[in-house]
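A short write-up of the structure that comes next.
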2 protein chains.
Amino acid sequence: MSSGRRPLSQTQERVLALLVAAGKPLSAYDLLHLLRHEGVNAPPTVYRALDRLVRDGLAHRIESLNAFVACSRPHHQDMASFAICDACGVVAEFGDGELQSRLEALSERTGFQAERTTVELRGRCAACAAHGHGHGHVHAH
Amino acid sequence: MSSGRRPLSQTQERVLALLVAAGKPLSAYDLLHLLRHEGVNAPPTVYRALDRLVRDGLAHRIESLNAFVACSRPHHQDMASFAICDACGVVAEFGDGELQSRLEALSERTGFQAERTTVELRGRCAACAAHGHGHGHVHAH
DNA sequence: CCGCAACTGATATAGTATAACAAAACAGTT
DNA sequence: AACTGTTTTGTTATACTATATCAGTTGCGG
C-alpha cells in the first residue's frame, strides 16, 4: 500500500500555478485559453486537472461564479468559506470554527449528513466599499 | 407612489406553481420543457420569470445545482440556507439566526459588506442516510 | 511481463445562461 | 384618449459551462 498521494501531473501543476498566479477565481475556460499555447486544447483536460486539485484540497470551486480558485490554506482541511467582492473580483477564504460547529449542530438536530458545505458571501470588500466602487461589476469577458 | 409590488404575471405564476408542485429544485430547462405545451418556447422567458421570483423572495436559486426551488417561507425575508439530499433530491430550507449573526459579525470584523449569502449543505437527509440509500445519485436527465 | 489505475487526447454533445432588438401590456398622469 | 415610463414577452442568435465516450498512454506494483 502506498501511503502518500501521487504527485501532481504536469497539467495539474500548470493549472494550480495559473490559479495561484491569478489570485482570483478563473473559469475552466479562462484556464483553457491560458493553456492553449502550451498544447492543451480540450475542456476535459482542464476539468480533469481541476477535479484532482479540488479533491486534494489544493483548489476550491466557487459555486456562485462557476469558477475555481487556489486554496489559500492548503494545510487546513476544514470547511472553507468565501467572501467574494463583486467590484474587484478578489476572493477572501476563511475558516470559521464557530460557523462550522453551528452547521454540525444542525446536522445533529436534523439527522442530515453533510458531505460538502458551500458558504459564499457576495458583496464588496472593505476597500471597494470605502472607495466608492459602489456599483461596479467584474467582467471577465 | 405605489406601495405594494406588482402582481405576478401569468408566466411568473405558472413557473412558481410548477416549482411548488415539484417540491424539488428544477432547472430553468426543466421548467422550459414543462411549459412548452403552454406556448413558452424560449429560455429567456423562463429566466426572466425566475429573476422576478427570486427578486421577490418567492423562489431561490440553488447555486450548487444550477437550479431553482420555491421558497418554503415566503414571508420571512432573512437569509435562507439549504440542505440538499443527493440521494432523493429533496431540499430543506432553513433560516438560522445564529448562523446569520455569525456571518454579520464577520462583516463587522473584516469590513466586507455582504449583499447576498449562499449556504448550501450537500449530503443525505435523515431518511436516506438511515435507509441504506448510501450511494445513490439524483439524475434529472 | 502483466495488469491496474491514473492521466491525456480528441471529438462530440449536453446543459446553462445571456445579448440584443422588436413588440405588446400595463399603470399612472395629463 | 393620448402620453410616458416600466415591465413583460417574443424571437433569434450566441456564449458559456460541463460531461460522455473511446482510444491511447504512462507509471508503478506484483
Side-chain angles (χ1 to χ4, degrees), chain A residues 1-16 19 25-56 58-69 86 89 118 122 137-141, chain B residues 1-16 19 25-56 58-69 86 89 118 122 137-141:
Chain A
M1 104 177 42
S2 59
S3 55
R5 283 195 190 276
R6 297 186 121 190
L8 295 181
S9 73
Q10 195 71 35
T11 309
Q12 291 157 358
E13 289 282 10
R14 284 298 292 133
V15 168
L16 180 55
L19 287 177
L26 297 179
S27 77
Y29 279 76
D30 290 341
L31 289 163
L32 180 57
H33 289 116
L34 292 168
L35 290 168
R36 284 250 188 242
H37 72 286
E38 303 182 25
V40 174
N41 314 308
T45 303
V46 175
Y47 280 101
R48 288 187 282 224
L50 287 167
D51 282 349
R52 164 72 193 272
L53 296 174
V54 169
R55 266 201 315 277
D56 285 12
L58 300 173
H60 299 287
R61 178 181 169 79
I62 307 292
E63 299 288 352
S64 64
L65 293 176
N66 295 328
F68 301 83
V69 69
D86 289 327
T118 301
R122 299 288 294 272
H137 290 282
V138 187
H139 285 290
H141 329 308
Chain B
M1 128 196 1
S2 61
S3 54
R5 283 192 190 276
R6 295 186 116 185
L8 294 181
S9 74
Q10 194 72 33
T11 309
Q12 291 157 358
E13 289 280 11
R14 283 301 291 135
V15 169
L16 180 55
L19 287 177
L26 297 178
S27 77
Y29 279 77
D30 291 339
L31 289 163
L32 180 57
H33 293 322
L34 292 170
L35 289 169
R36 284 247 188 246
H37 71 285
E38 304 184 23
V40 174
N41 316 313
T45 302
V46 175
Y47 280 101
R48 289 187 283 223
L50 287 167
D51 282 349
R52 164 71 193 273
L53 295 174
V54 170
R55 266 202 315 277
D56 284 13
L58 299 173
H60 299 287
R61 178 183 171 80
I62 307 293
E63 298 289 352
S64 64
L65 293 176
N66 294 330
F68 300 83
V69 69
D86 290 327
T118 300
R122 298 288 294 270
H137 289 282
V138 188
H139 285 289
H141 328 308

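Chain A is the first sequence line, chain B the second, and so forth, proteins listed ahead of strands; every chain is numbered from 1.
Between the two ends of the helix from dC1(C)-dG30(D) to dT30(C)-dA1(D), each summarised by a five-pair axis, the helix axis turns through 30° (rounded to 10 degrees).
Partners of H33(B) according to the side chain to side chain contact (heavy atoms under 4.5 Å, CB included) rule, which considers only residues two or more places apart in sequence or in another chain, are R36(B). Taking R122(B) as the reference, D86(B) meet the salt bridge (charged side-chain N to carboxylate O under 4.0 Å, His left out) condition, with sequence neighbours excluded. Among residues two or more places apart in sequence or in another chain, the salt bridge (charged side-chain N to carboxylate O under 4.0 Å, His left out) test is passed with D51(A) by none. The side chain to side chain contact (heavy atoms under 4.5 Å, CB included) check on R61(A) picks up E63(A), N66(A), F68(A), with sequence neighbours excluded.
Looking at every heavy atom in both residues, A49(A) comes nearest to T11(A) through CB-CG2, 4.3 Å. Contact between Q12(B) and P7(B) at its shortest, heavy atoms only, is OE1-O, 4.3 Å. The shortest non-hydrogen separation linking G89(A) to P25(A) is O-CD, 3.5 Å.
Between N66(B) and the phosphate of dT17(D), there is no side-chain N or O to OP1/OP2 separation shorter than 4.0 Å. Between S27(B) and dT16(C) there is a side-chain polar atom (N or O) within less than 4.0 angstrom of OP1 or OP2. Put simply, R55(B) has a side-chain N or O that comes within less than 4.0 Å of OP1 or OP2 on dT8(D). Taking only side-chain nitrogens and oxygens, R61(A) comes nearer than 4.0 Å to OP1 or OP2 of dA18(D). In this structure, S9(B) reaches the dT9(D) phosphate: one of its side-chain N or O atoms is under 4.0 Å from OP1 or OP2.
Rounding to whole angstrom units, CG of residue D30(A) and C1' of dC16(D) are separated by 10 Å. Rounding to whole angstrom units, CG of residue L8(A) and P of dA6(C) are separated by 15 Å. L26(A) has its CG atom 15 Å from the P atom of dC16(D), to the nearest Å. The distance from atom CG of L31(B) to atom C1' of dG15(C) is 14 Å, rounded to the nearest whole Å. Rounded to whole Å, the distance from CG on L53(A) to P on dA6(C) is 16 Å. Here dT12(D) presents its P atom at 14 Å from CG of L32(B), a figure rounded to the nearest Å. In this structure, L50(A) places its CG atom 11 Å from P of dT19(D), rounding to the nearest Å. Rounded to an integer number of Å, the gap from L16(A) CG to dC7(C) P is 14 Å.
Mapping Q10(B) and Y29(A) onto DNA chain D via the closest heavy atom, the residue that lands nearer the 5' end is Q10(B). Toward the 5' end of DNA chain D, the nearer of the two residues R52(B) and A67(A), judged by each one's closest nucleotide, is R52(B).
Put simply, the side chain of L8(A) does not reach to within 4.5 Å of the side chain of V15(A), judged on heavy atoms. Within the 4.5 Å cutoff, the side chain of L58(B) has no heavy atoms near those of the L19(B) side chain.
Looking at residues 41-49 of chain B, you'll see P43(B), P44(B), Y47(B), R48(B) sit with a heavy atom under 4.0 Å from some atom of DNA chain C.
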Mind listing the side-chain donor-acceptor pairs of residues 38-48 of chain A below 3.5 Å, one per line with the distance, residues two or more places apart or on another chain?
| residue | atom | partner | partner atom | Å |
| --- | --- | --- | --- | --- |
| E38(A) | OE1 | R14(A) | NE | 2.7 |
| E38(A) | OE2 | R14(A) | NE | 3.3 |
| E38(A) | OE2 | R14(A) | NH2 | 2.5 |
| R48(A) | NE | P44(A) | O | 3.4 |

